[in-house]
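All heavy atoms count here, side chains included; hydrogens, waters and symmetry mates do not.
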Amino acid sequence: MASIVELNQMSADKLNKMLEDAREELFNLRFQKASARLENTARIRQVKREVAQVETVLHQRQLAAQAAAVVPDIAAQLAGKEWQAHTRYVYEDSAWRVEFNDKGGKSLATAWVNLNKAQPKHRGAQQPQLVVRHEVAR
């Protein structure tokens, strides 16, 4: 299994392939366990953990892209255009870097999102600003 650092650096396609393979392996392990042919029962726990880690990374990427897309400057730049968001974790900044590109590959905007900011515990509290900084292409 790859470490969380390695998972953060992988492409979305590779992560989806890993997730599919891990789920298939988990299915096979459960089938072996049910038919009393499984020798290493600890492998089920390991594969469950792999699935959870990959799903977490994919979900964090999705959350970072959503948080960046609602920033008014970026939302105005993306309005009426077909775009794609490419997200990767930058350890030097301790933030997710979200790059918005149009279908031709031209850069529209870039945002750095920190998903680790503390969330408020009570109802009336204001949500923290997750986008640390952003740049809009002119």
Within a strict 4.5 Å, meaning less than it, do heavy atoms of the [X] and [Y] side chains meet?
X    : Y    : value
N114 : L130 : no
E135 : W112 : yes
V47  : E25  : yes
R45  : K48  : no
W83  : N101 : no
L108 : V136 : no
L19  : R23  : yes
L26  : R30  : yes

### Task
Given side chain to side chain contact (heavy atoms under 4.5 Å, CB included), test L15 with V57 step by step and report yes or no.
CA-CA 9 Å; L15 286 172; V57 170; 3.8 Å; yes
Minimum heavy-atom separation for [X] to [Y], with atom names?
X   : Y   : value
V70 : A67 : CG2-O, 3.2 Å
A75 : A69 : CB-O, 3.5 Å
A64 : W96 : CB-CB, 3.7 Å

### Single hit among L115, L58, V113, T87 for side-chain contact (heavy atoms from CB on, under 4.5 Å) with L63
L115
### Task
Verify side chain to side chain contact (heavy atoms under 4.5 Å, CB included) between L7 and Q53, making sure each step is shown before the conclusion.
CA-CA 8 Å; L7 291 176; Q53 287 178 333; 3.8 Å; yes
### Query
Hey, is R97 close enough to D93 for a salt bridge, meaning N to O under 4.0 Å?
no
#### Entry: Carboxylate-amine/guanidinium contact K14 E6, below 4.0 Å
no
Separation of [Y] [atom2] from [X] [atom1] (nearest 0.5 Å):
X   : Y   : atom1 : atom2 : result
T41 : Q32 : OG1   : CD    : 11.5 Å
K33 : N40 : NZ    : CG    : 12.0 Å
N16 : D21 : CG    : CG    : 11.0 Å
L38 : I44 : CG    : CD1   : 5.0 Å

Examine [X] and [Y] and state if one hydrophobic cluster contains both, with Ile, Leu, Val, Met, Phe, Trp and Tyr joined whenever side-chain heavy atoms are less than 4.5 Å apart.
X    : Y   : value
M18  : V5  : yes
V51  : I4  : yes
V132 : I74 : no

Donor-acceptor pair, side chain of [X] and main chain of [Y], under 3.5 angstrom:
X   : Y    : value
R61 : N8   : yes
Q77 : A137 : yes
Q9  : Y89  : yes

### Message
Between H134 and D73, does the side chain to side chain contact (heavy atoms under 4.5 Å, CB included) criterion hold? Intermediate values first, please.
### Response
CA-CA 9 Å; H134 66 279; D73 292 343; 3.1 Å; yes
### Query
Between R43 and Q46, is a side chain to side chain donor-acceptor pair (under 3.5 Å) present by the stated rule, with each step listed?
CA-CA 5 Å; R43 183 67 184 143; Q46 293 168 347; 3.2 Å; yes
